[in-house]
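Notes for the one structure printed next.
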Number of protein chains: 2
Amino acid sequence: MATEVKQSPRERLLEAAATLTYRDGVGIGVEALCKAAGVSKRSLYQLFESKDDLLAASLEQRASAFVVTLLPAANDGRSPRERILHVFEQVELQAGAPEFRGCQYLAVQIELKDQSHPASQVAHRVKGNLTAFFRSEAEQGGASDPDLLARQLSLVFDGASARAGIGADNLTGLIAPTVATLLDAADMP
Amino acid sequence: MATEVKQSPRERLLEAAATLTYRDGVGIGVEALCKAAGVSKRSLYQLFESKDDLLAASLEQRASAFVVTLLPAANDGRSPRERILHVFEQVELQAGAPEFRGCQYLAVQIELKDQSHPASQVAHRVKGNLTAFFRSEAEQGGASDPDLLARQLSLVFDGASARAGIGADNLTGLIAPTVATLLDAADMP
DNA sequence: ACCTTCGTAAACCGATCGGTTTTCTTTTCG
DNA sequence: CGAAAAGAAAACCGATCGGTTTACGAAGGT
(Lines give C-alpha, C1' and ligand atoms only; values in the text may rest on other atoms or scores of the structure.)
Protein backbone atom coordinates (compact mmCIF):
# COMPACT_ATOMS: atom_id res chain seq x y z
CA MET A 1 0.00 0.00 0.00
CA ALA A 2 1.80 3.06 -1.27
CA THR A 3 1.42 6.45 0.28
CA GLU A 4 -0.08 9.00 -2.05
CA VAL A 5 2.03 9.25 -5.16
CA LYS A 6 0.45 12.60 -5.89
CA GLN A 7 1.66 15.38 -3.64
CA SER A 8 -0.62 18.12 -2.50
CA PRO A 9 0.26 21.74 -3.35
CA ARG A 10 1.17 22.15 0.29
CA GLU A 11 3.67 19.28 0.17
CA ARG A 12 5.14 20.47 -3.11
CA LEU A 13 5.59 23.96 -1.71
CA LEU A 14 7.26 22.69 1.44
CA GLU A 15 9.65 20.56 -0.57
CA ALA A 16 10.44 23.30 -3.08
CA ALA A 17 11.02 25.78 -0.26
CA ALA A 18 13.42 23.44 1.52
CA THR A 19 15.32 22.56 -1.64
CA LEU A 20 15.62 25.99 -3.22
CA THR A 21 16.30 27.78 0.04
CA TYR A 22 19.08 25.34 0.78
CA ARG A 23 20.62 25.82 -2.64
CA ASP A 24 20.08 29.54 -3.19
CA GLY A 25 19.53 30.99 0.26
CA VAL A 26 16.53 32.47 2.01
CA GLY A 27 16.57 35.36 -0.46
CA ILE A 28 14.98 33.14 -3.10
CA GLY A 29 11.86 34.74 -4.52
CA VAL A 30 8.33 33.44 -4.08
CA GLU A 31 7.93 33.47 -7.84
CA ALA A 32 10.73 30.93 -8.20
CA LEU A 33 9.36 28.84 -5.34
CA CYS A 34 5.92 28.68 -6.91
CA LYS A 35 7.31 27.82 -10.31
CA ALA A 36 9.43 25.01 -8.89
CA ALA A 37 6.49 23.66 -6.93
CA GLY A 38 4.07 24.01 -9.85
CA VAL A 39 1.77 26.02 -7.65
CA SER A 40 0.26 29.45 -8.10
CA LYS A 41 1.07 32.34 -5.79
CA ARG A 42 -2.58 32.54 -4.97
CA SER A 43 -2.49 29.01 -3.56
CA LEU A 44 0.70 29.74 -1.66
CA TYR A 45 -0.90 32.62 0.20
CA GLN A 46 -3.99 30.57 0.96
CA LEU A 47 -1.89 27.84 2.49
CA PHE A 48 0.65 30.02 4.29
CA GLU A 49 0.56 33.38 5.99
CA SER A 50 3.69 34.63 4.30
CA LYS A 51 6.96 33.56 2.74
CA ASP A 52 8.51 33.55 6.20
CA ASP A 53 5.77 31.23 7.41
CA LEU A 54 6.38 28.86 4.50
CA LEU A 55 10.09 28.83 5.22
CA ALA A 56 9.55 28.02 8.88
CA ALA A 57 7.09 25.26 8.01
CA SER A 58 9.48 23.72 5.49
CA LEU A 59 12.28 23.62 8.06
CA GLU A 60 9.90 22.12 10.57
CA GLN A 61 8.92 19.34 8.18
CA ARG A 62 12.52 18.61 7.23
CA ALA A 63 13.41 18.25 10.88
CA SER A 64 12.14 14.70 11.05
CA ALA A 65 14.11 13.71 7.96
CA PHE A 66 17.12 15.44 9.51
CA VAL A 67 17.05 13.30 12.64
CA VAL A 68 16.12 10.11 10.77
CA THR A 69 19.11 10.53 8.49
CA LEU A 70 21.63 11.42 11.16
CA LEU A 71 20.59 9.69 14.32
CA PRO A 72 20.84 5.94 14.90
CA ALA A 73 17.69 3.91 15.47
CA ALA A 74 16.26 4.30 18.94
CA ASN A 75 17.49 1.17 20.62
CA ASP A 76 19.92 -0.60 18.39
CA GLY A 77 22.32 -2.72 20.36
CA ARG A 78 25.25 -0.33 20.04
CA SER A 79 27.08 1.54 22.73
CA PRO A 80 26.59 5.29 23.24
CA ARG A 81 30.05 5.86 21.81
CA GLU A 82 29.16 3.99 18.65
CA ARG A 83 25.85 5.80 18.42
CA ILE A 84 27.59 9.17 18.62
CA LEU A 85 30.15 8.16 16.04
CA HIS A 86 27.31 7.08 13.79
CA VAL A 87 26.08 10.68 13.57
CA PHE A 88 29.45 11.92 12.40
CA GLU A 89 29.83 9.11 9.91
CA GLN A 90 26.59 10.30 8.37
CA VAL A 91 27.85 13.87 8.25
CA GLU A 92 31.02 12.81 6.50
CA LEU A 93 28.94 10.76 4.10
CA GLN A 94 26.64 13.66 3.26
CA ALA A 95 29.57 16.04 2.91
CA GLY A 96 30.85 13.88 0.08
CA ALA A 97 27.83 14.69 -2.08
CA PRO A 98 28.60 17.47 -4.57
CA GLU A 99 25.45 19.43 -3.74
CA PHE A 100 26.23 19.43 -0.02
CA ARG A 101 26.20 22.95 1.37
CA GLY A 102 26.45 22.41 5.09
CA CYS A 103 23.75 22.21 7.73
CA GLN A 104 20.69 24.08 6.48
CA TYR A 105 19.59 25.00 9.99
CA LEU A 106 22.86 26.75 10.67
CA ALA A 107 22.74 28.44 7.26
CA VAL A 108 19.23 29.75 7.80
CA GLN A 109 20.13 31.29 11.13
CA ILE A 110 23.24 32.93 9.72
CA GLU A 111 21.39 34.26 6.70
CA LEU A 112 18.42 35.60 8.59
CA LYS A 113 20.45 37.20 11.39
CA ASP A 114 17.25 37.52 13.36
CA GLN A 115 16.72 35.17 16.25
CA SER A 116 13.05 36.12 16.43
CA HIS A 117 12.31 35.07 12.86
CA PRO A 118 10.01 32.02 12.94
CA ALA A 119 12.39 30.02 10.77
CA SER A 120 15.30 30.90 13.05
CA GLN A 121 13.37 29.63 16.02
CA VAL A 122 12.63 26.34 14.32
CA ALA A 123 16.31 26.00 13.45
CA HIS A 124 17.30 26.82 17.01
CA ARG A 125 15.04 24.11 18.35
CA VAL A 126 16.32 21.49 15.93
CA LYS A 127 19.91 22.25 16.87
CA GLY A 128 18.96 22.08 20.52
CA ASN A 129 17.53 18.63 19.95
CA LEU A 130 20.78 17.41 18.45
CA THR A 131 22.73 18.69 21.43
CA ALA A 132 20.22 17.00 23.71
CA PHE A 133 20.80 13.73 21.90
CA PHE A 134 24.54 14.05 22.42
CA ARG A 135 24.05 14.84 26.09
CA SER A 136 21.74 11.90 26.59
CA GLU A 137 24.22 9.52 25.01
CA ALA A 138 27.06 11.07 26.97
CA GLU A 139 25.21 10.46 30.23
CA GLN A 140 24.31 6.95 29.19
CA GLY A 141 27.95 6.28 28.35
CA GLY A 142 29.23 7.58 31.65
CA ALA A 143 31.09 10.60 30.30
CA SER A 144 32.89 12.57 32.98
CA ASP A 145 31.12 15.79 31.99
CA PRO A 146 28.15 14.98 29.74
CA ASP A 147 27.14 18.59 29.28
CA LEU A 148 30.60 19.68 28.18
CA LEU A 149 30.94 16.71 25.85
CA ALA A 150 27.56 17.45 24.26
CA ARG A 151 28.59 21.03 23.59
CA GLN A 152 31.91 19.91 22.17
CA LEU A 153 30.24 17.45 19.83
CA SER A 154 27.75 20.07 18.68
CA LEU A 155 30.62 22.42 18.02
CA VAL A 156 32.39 19.80 15.93
CA PHE A 157 29.17 19.02 14.11
CA ASP A 158 28.58 22.63 13.12
CA GLY A 159 32.20 23.39 12.40
CA ALA A 160 32.58 20.33 10.22
CA SER A 161 29.43 20.79 8.19
CA ALA A 162 30.04 24.51 7.80
CA ARG A 163 33.61 24.06 6.59
CA ALA A 164 32.62 21.27 4.26
CA GLY A 165 29.74 23.37 2.99
CA ILE A 166 31.95 26.29 2.00
CA GLY A 167 34.63 24.07 0.53
CA ALA A 168 37.22 24.86 3.18
CA ASP A 169 37.72 21.19 4.07
CA ASN A 170 36.56 17.87 2.68
CA LEU A 171 36.52 16.24 6.14
CA THR A 172 38.38 13.11 5.06
CA GLY A 173 40.27 11.71 8.00
CA LEU A 174 39.25 14.64 10.16
CA ILE A 175 36.03 14.00 12.01
CA ALA A 176 36.53 10.47 13.25
CA PRO A 177 39.85 11.09 15.02
CA THR A 178 38.62 14.41 16.40
CA VAL A 179 35.47 12.95 17.88
CA ALA A 180 37.39 9.94 19.17
CA THR A 181 39.84 12.24 20.93
CA LEU A 182 37.02 14.12 22.63
CA LEU A 183 35.25 10.92 23.66
CA ASP A 184 38.48 9.52 25.06
CA ALA A 185 39.14 12.69 27.01
CA ALA A 186 35.68 12.37 28.53
CA ASP A 187 36.46 8.79 29.57
CA MET A 188 33.70 7.43 27.44
CA PRO A 189 34.37 3.87 26.33
CA MET B 1 51.79 62.19 14.33
CA ALA B 2 48.23 61.01 13.85
CA THR B 3 47.05 59.53 10.63
CA GLU B 4 44.37 61.51 8.81
CA VAL B 5 41.43 62.09 11.08
CA LYS B 6 39.35 62.75 8.01
CA GLN B 7 38.46 59.62 6.13
CA SER B 8 38.19 59.56 2.39
CA PRO B 9 34.94 58.47 0.75
CA ARG B 10 36.68 55.25 -0.17
CA GLU B 11 37.57 54.52 3.45
CA ARG B 12 34.11 55.43 4.68
CA LEU B 13 32.54 53.14 2.11
CA LEU B 14 34.80 50.25 3.01
CA GLU B 15 34.02 50.65 6.68
CA ALA B 16 30.28 51.03 6.15
CA ALA B 17 30.24 48.00 3.88
CA ALA B 18 32.07 45.85 6.42
CA THR B 19 29.92 47.00 9.33
CA LEU B 20 26.50 46.88 7.70
CA THR B 21 27.16 43.67 5.81
CA TYR B 22 28.24 42.02 9.03
CA ARG B 23 25.13 43.20 10.86
CA ASP B 24 22.50 42.83 8.12
CA GLY B 25 23.98 40.42 5.63
CA VAL B 26 25.24 40.79 2.08
CA GLY B 27 21.70 41.60 0.95
CA ILE B 28 22.04 45.12 2.33
CA GLY B 29 21.21 47.71 -0.31
CA VAL B 30 23.67 50.14 -1.85
CA GLU B 31 21.37 52.98 -0.88
CA ALA B 32 21.78 52.10 2.80
CA LEU B 33 25.54 51.68 2.39
CA CYS B 34 25.91 55.09 0.81
CA LYS B 35 23.75 56.74 3.43
CA ALA B 36 25.75 55.18 6.25
CA ALA B 37 29.01 56.21 4.62
CA GLY B 38 27.79 59.71 3.79
CA VAL B 39 28.75 59.13 0.19
CA SER B 40 26.72 59.42 -2.99
CA LYS B 41 26.00 56.48 -5.21
CA ARG B 42 27.78 58.30 -7.97
CA SER B 43 30.99 58.29 -5.96
CA LEU B 44 30.54 54.66 -5.05
CA TYR B 45 30.44 53.62 -8.67
CA GLN B 46 33.44 55.77 -9.51
CA LEU B 47 35.47 54.11 -6.78
CA PHE B 48 34.24 50.54 -7.26
CA GLU B 49 33.13 48.45 -10.18
CA SER B 50 30.04 47.14 -8.46
CA LYS B 51 28.53 46.35 -5.10
CA ASP B 52 30.21 42.94 -5.23
CA ASP B 53 33.55 44.62 -5.81
CA LEU B 54 33.01 46.92 -2.83
CA LEU B 55 32.11 43.96 -0.65
CA ALA B 56 35.23 42.06 -1.67
CA ALA B 57 37.41 45.11 -1.07
CA SER B 58 35.92 45.69 2.37
CA LEU B 59 36.61 42.10 3.38
CA GLU B 60 40.12 42.41 2.04
CA GLN B 61 40.79 45.50 4.10
CA ARG B 62 39.31 43.97 7.24
CA ALA B 63 41.59 40.98 6.83
CA SER B 64 44.55 42.77 8.39
CA ALA B 65 42.47 43.85 11.37
CA PHE B 66 41.23 40.27 11.61
CA VAL B 67 44.71 38.82 11.96
CA VAL B 68 45.97 41.64 14.18
CA THR B 69 43.12 41.07 16.61
CA LEU B 70 43.31 37.31 16.69
CA LEU B 71 46.92 36.35 16.15
CA PRO B 72 49.69 36.88 18.67
CA ALA B 73 52.60 39.19 17.84
CA ALA B 74 55.10 37.66 15.44
CA ASN B 75 57.83 36.62 17.84
CA ASP B 76 56.64 37.02 21.38
CA GLY B 77 58.48 34.70 23.69
CA ARG B 78 55.60 32.27 24.05
CA SER B 79 55.41 28.65 23.06
CA PRO B 80 53.43 27.54 20.00
CA ARG B 81 50.85 26.02 22.33
CA GLU B 82 50.37 29.33 24.10
CA ARG B 83 50.22 31.17 20.81
CA ILE B 84 47.47 28.88 19.55
CA LEU B 85 45.54 29.22 22.78
CA HIS B 86 45.85 32.98 22.45
CA VAL B 87 43.75 32.90 19.27
CA PHE B 88 40.93 31.07 20.99
CA GLU B 89 41.04 33.35 23.99
CA GLN B 90 40.44 36.22 21.62
CA VAL B 91 37.52 34.42 20.02
CA GLU B 92 35.93 33.79 23.39
CA LEU B 93 36.50 37.43 24.27
CA GLN B 94 34.86 38.69 21.08
CA ALA B 95 31.97 36.28 21.46
CA GLY B 96 31.11 38.00 24.71
CA ALA B 97 30.29 41.25 22.95
CA PRO B 98 26.54 41.61 22.37
CA GLU B 99 26.93 42.59 18.74
CA PHE B 100 29.06 39.53 17.97
CA ARG B 101 27.61 37.56 15.08
CA GLY B 102 30.31 35.00 14.37
CA CYS B 103 33.12 35.06 11.85
CA GLN B 104 32.19 37.41 9.02
CA TYR B 105 34.24 35.46 6.50
CA LEU B 106 32.31 32.30 7.18
CA ALA B 107 29.03 34.22 7.09
CA VAL B 108 29.80 35.81 3.74
CA GLN B 109 30.58 32.48 2.14
CA ILE B 110 27.44 30.89 3.51
CA GLU B 111 25.28 33.80 2.43
CA LEU B 112 26.70 34.10 -1.06
CA LYS B 113 26.70 30.35 -1.77
CA ASP B 114 28.93 31.07 -4.72
CA GLN B 115 32.59 30.13 -4.45
CA SER B 116 33.41 32.18 -7.51
CA HIS B 117 32.08 35.43 -6.06
CA PRO B 118 35.01 37.81 -5.48
CA ALA B 119 34.07 38.28 -1.85
CA SER B 120 33.87 34.52 -1.35
CA GLN B 121 37.35 34.15 -2.72
CA VAL B 122 38.72 36.78 -0.37
CA ALA B 123 37.03 35.02 2.52
CA HIS B 124 38.41 31.69 1.39
CA ARG B 125 41.95 33.07 1.35
CA VAL B 126 41.63 34.63 4.78
CA LYS B 127 40.42 31.37 6.24
CA GLY B 128 43.23 29.56 4.53
CA ASN B 129 45.70 31.92 6.15
CA LEU B 130 44.36 31.12 9.59
CA THR B 131 44.70 27.41 8.96
CA ALA B 132 48.23 28.03 7.71
CA PHE B 133 49.04 29.84 10.95
CA PHE B 134 47.77 26.90 12.96
CA ARG B 135 49.80 24.48 10.86
CA SER B 136 52.94 26.54 11.21
CA GLU B 137 52.61 26.67 14.98
CA ALA B 138 51.80 22.96 15.09
CA GLU B 139 54.98 22.16 13.21
CA GLN B 140 57.00 24.50 15.38
CA GLY B 141 55.55 22.83 18.46
CA GLY B 142 56.33 19.36 17.28
CA ALA B 143 52.77 18.14 16.88
CA SER B 144 52.53 14.53 15.78
CA ASP B 145 50.38 15.43 12.77
CA PRO B 146 50.57 19.21 12.16
CA ASP B 147 48.22 19.13 9.21
CA LEU B 148 45.52 17.25 11.07
CA LEU B 149 45.87 19.48 14.10
CA ALA B 150 45.59 22.62 11.98
CA ARG B 151 42.38 21.33 10.40
CA GLN B 152 40.99 20.41 13.80
CA LEU B 153 41.74 23.84 15.20
CA SER B 154 40.16 25.55 12.19
CA LEU B 155 37.10 23.37 12.66
CA VAL B 156 36.87 24.38 16.31
CA PHE B 157 37.38 28.01 15.36
CA ASP B 158 34.55 28.03 12.86
CA GLY B 159 32.24 25.87 14.92
CA ALA B 160 32.75 28.01 18.00
CA SER B 161 32.27 31.37 16.33
CA ALA B 162 29.31 30.13 14.33
CA ARG B 163 27.52 28.69 17.34
CA ALA B 164 28.24 31.78 19.39
CA GLY B 165 27.07 33.96 16.52
CA ILE B 166 23.67 32.29 16.29
CA GLY B 167 23.21 32.17 20.04
CA ALA B 168 23.46 28.39 20.28
CA ASP B 169 26.31 28.53 22.80
CA ASN B 170 28.05 31.22 24.81
CA LEU B 171 31.38 29.37 24.73
CA THR B 172 32.10 29.77 28.44
CA GLY B 173 34.24 26.93 29.61
CA LEU B 174 34.05 25.25 26.23
CA ILE B 175 36.86 26.34 23.95
CA ALA B 176 39.84 26.19 26.27
CA PRO B 177 39.34 22.57 27.39
CA THR B 178 38.47 21.48 23.86
CA VAL B 179 41.58 23.00 22.32
CA ALA B 180 43.70 21.72 25.18
CA THR B 181 42.41 18.21 24.59
CA LEU B 182 43.30 18.38 20.90
CA LEU B 183 46.75 19.80 21.61
CA ASP B 184 47.40 17.10 24.17
CA ALA B 185 46.28 14.40 21.78
CA ALA B 186 48.76 15.76 19.22
CA ASP B 187 51.54 15.57 21.82
CA MET B 188 52.10 19.27 21.68
CA PRO B 189 53.49 20.59 24.95
C1' DA C 1 39.04 85.69 -9.88
C1' DC C 2 38.65 81.68 -12.77
C1' DC C 3 38.09 77.16 -14.23
C1' DT C 4 38.49 72.45 -13.32
C1' DT C 5 37.86 68.71 -10.26
C1' DC C 6 35.41 66.29 -6.74
C1' DG C 7 31.42 65.01 -4.59
C1' DT C 8 26.46 65.18 -3.00
C1' DA C 9 21.67 65.02 -3.87
C1' DA C 10 18.18 63.29 -6.41
C1' DA C 11 15.80 61.88 -10.48
C1' DC C 12 15.64 58.07 -13.20
C1' DC C 13 16.17 53.14 -15.36
C1' DG C 14 14.49 48.29 -15.92
C1' DA C 15 14.12 44.38 -13.01
C1' DT C 16 12.55 42.08 -9.11
C1' DC C 17 10.83 41.92 -4.43
C1' DG C 18 6.60 40.11 -1.35
C1' DG C 19 1.92 40.13 -1.79
C1' DT C 20 -3.09 40.80 -3.90
C1' DT C 21 -6.51 40.39 -7.29
C1' DT C 22 -8.83 39.00 -11.44
C1' DT C 23 -9.88 35.65 -14.86
C1' DC C 24 -10.39 31.32 -16.53
C1' DT C 25 -9.90 26.23 -16.34
C1' DT C 26 -10.00 21.99 -13.96
C1' DT C 27 -11.53 19.03 -10.56
C1' DT C 28 -14.79 17.20 -7.35
C1' DC C 29 -19.05 15.64 -5.65
C1' DG C 30 -24.23 15.63 -4.91
C1' DC D 1 -25.33 16.43 -15.35
C1' DG D 2 -24.62 20.58 -13.12
C1' DA D 3 -23.21 23.50 -9.30
C1' DA D 4 -19.54 24.64 -6.37
C1' DA D 5 -15.00 24.64 -4.92
C1' DA D 6 -10.05 24.59 -6.07
C1' DG D 7 -6.32 25.99 -8.40
C1' DA D 8 -3.32 27.84 -12.32
C1' DA D 9 -1.99 31.85 -15.01
C1' DA D 10 -1.11 36.31 -15.13
C1' DA D 11 -2.00 41.13 -14.45
C1' DC D 12 -1.22 44.23 -11.03
C1' DC D 13 0.40 46.82 -6.58
C1' DG D 14 3.88 49.78 -4.18
C1' DA D 15 8.47 49.19 -2.67
C1' DT D 16 13.10 48.23 -3.39
C1' DC D 17 16.89 46.20 -5.93
C1' DG D 18 21.69 47.43 -8.44
C1' DG D 19 23.13 50.83 -11.36
C1' DT D 20 23.19 55.40 -14.38
C1' DT D 21 22.61 60.10 -15.20
C1' DT D 22 21.73 64.87 -14.53
C1' DA D 23 22.25 69.02 -12.01
C1' DC D 24 24.32 71.71 -8.75
C1' DG D 25 27.49 73.07 -4.84
C1' DA D 26 32.12 73.12 -2.60
C1' DA D 27 36.63 72.77 -2.99
C1' DG D 28 41.41 73.23 -5.20
C1' DG D 29 45.14 75.02 -7.90
C1' DT D 30 46.91 78.69 -11.12
Side-chain angles (χ1 to χ4, degrees), chain A residues 4-60 107-108 111-114 116-122, chain B residues 4-60 107-108 111-114 116-122:
Chain A
E4 286 301 332
V5 142
K6 242 186 144 128
Q7 284 181 326
S8 71
R10 178 163 221 273
E11 290 168 320
R12 281 179 287 161
L13 277 171
L14 289 171
E15 183 176 323
T19 303
L20 291 190
T21 293
Y22 183 55
R23 200 190 58 190
D24 301 327
V26 298
I28 183 76
V30 296
E31 194 98 30
L33 289 179
C34 287
K35 190 161 187 176
V39 163
S40 69
K41 289 170 79 174
R42 185 177 203 270
S43 299
L44 194 170
Y45 285 103
Q46 287 176 194
L47 293 164
F48 300 94
E49 283 273 321
S50 63
K51 177 194 172 187
D52 291 347
D53 185 40
L54 166 60
L55 178 52
S58 84
L59 286 186
E60 184 80 55
V108 160
E111 289 174 41
L112 291 176
K113 294 182 194 306
D114 174 11
S116 71
H117 190 293
S120 281
Q121 294 188 2
V122 172
Chain B
E4 287 301 332
V5 137
K6 241 181 139 115
Q7 283 182 325
S8 70
R10 178 164 222 273
E11 291 168 318
R12 279 179 288 161
L13 277 171
L14 289 171
E15 183 176 322
T19 303
L20 291 191
T21 292
Y22 183 54
R23 201 190 56 189
D24 301 327
V26 299
I28 184 76
V30 297
E31 194 99 32
L33 290 179
C34 287
K35 190 162 187 177
V39 164
S40 67
K41 288 170 80 173
R42 187 178 201 269
S43 299
L44 193 169
Y45 285 103
Q46 287 177 194
L47 294 165
F48 300 94
E49 284 272 324
S50 63
K51 178 195 172 187
D52 290 347
D53 185 41
L54 166 60
L55 178 52
S58 85
L59 286 186
E60 185 80 56
V108 160
E111 289 174 40
L112 291 177
K113 296 184 194 303
D114 174 12
S116 72
H117 190 293
S120 280
Q121 294 187 4
V122 171

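Lettering follows sequence order; numbering is per chain, from 1. Only this structure's heavy atoms are used, side chains among them; waters, hydrogens and symmetry mates stay out. Everything quoted here is computed from the prediction, not taken from an experiment.
Taking OG of B:S43 as the reference point, atom CZ of B:R10 lies at 13.0 Å (rounded to 0.5 Å). Atom CD of A:E15 is separated from atom CG of A:L33 by 12.5 Å, given to the nearest 0.5 angstrom. Taken from CG in A:L13 to CD in A:Q7, the straight-line distance is 10.5 Å, to the nearest 0.5 Å. Of the inter-residue distances, the one linking A:S58 atom OG with A:Y22 atom OH reads 13.5 Å to the nearest 0.5 angstrom. Here the CG atom belonging to A:L59 is positioned 12.0 Å from the CD atom belonging to A:Q121, to the nearest 0.5 angstrom.
The main-chain N or O of B:I28 is found under 3.5 Å from a side-chain atom of B:K51 such that the two form a donor-acceptor pair. Although no hydrogens or angles enter the test, the distance criterion places a donor-acceptor pair under 3.5 Å between the side chain of B:E111 and the main chain of B:V26. Side chain of B:E11 to main chain of B:S8: a donor-acceptor pair is present (N/O by atom type, distance under 3.5 Å, no hydrogens or angles).
Where the helix from C:dA1-D:dT30 to C:dG30-D:dC1 starts and where it ends, the local axes point in directions that differ by 10°; five pairs per end, rounded to 10°.
Nucleotide D:dG7 holds its P atom 7 Å from the CD atom of A:Q46, rounded to whole Å. Whole-Å rounding puts the A:Q7 CD to D:dA6 P distance at 20 Å. The CG atom of B:L55 sits 16 Å away from the P atom of D:dC17 (whole-angstrom rounding). Here the P atom of nucleotide D:dG19 and the CG atom of B:L13 are 13 Å apart, to the nearest Å. Atoms CG (B:L44) and P (C:dC6) sit 17 Å apart, rounded to a whole Å. Regarding A:E49, its CD atom lies at a distance of 14 Å from the C1' atom of C:dT20, rounded to whole Å. One can place NZ of B:K35 at 18 Å from C1' of D:dG18, the figure rounded to the nearest angstrom. Taking atom CZ of residue B:R10 and atom P of nucleotide C:dG7, one finds them 12 Å apart after rounding to whole Å.
The closest side-chain heavy-atom distance from A:R23 to A:L20 is below 4.5 Å. Counting heavy atoms from C-beta outward, A:P9 and A:L47 have side chains that approach closer than 4.5 Å.
Distance from the side chain of A:S40 is smallest to D:dG7 among D:dA23, D:dG7, C:dT20.
Contact annotation: side chain of A:R42 to base of C:dT22, donor-acceptor pair present below 3.5 Å.
Considering only side-chain N and O atoms, A:R12 lies under 4.0 angstrom from the phosphate OP1 or OP2 of D:dA8. Note on A:S43: a side-chain N or O is less than 4.0 Å away from OP1 or OP2 of D:dA8. Taking side-chain N and O atoms only, A:Y45 has a distance below 4.0 Å to OP1 or OP2 of C:dG19.
Near DNA chain D, meaning a heavy atom under 4.0 Å from it, residues 19-30 of chain A has no residue at all.
Of the residues near DNA chain D, A:P9 and B:E31, the one whose nearest nucleotide (by heavy atom distance) lies more toward the 5' end is A:P9. Remark on DNA chain C: of its neighbouring residues B:G38 and B:K41, the 5'-side contact belongs to B:G38, judged by nearest-heavy-atom nucleotide.
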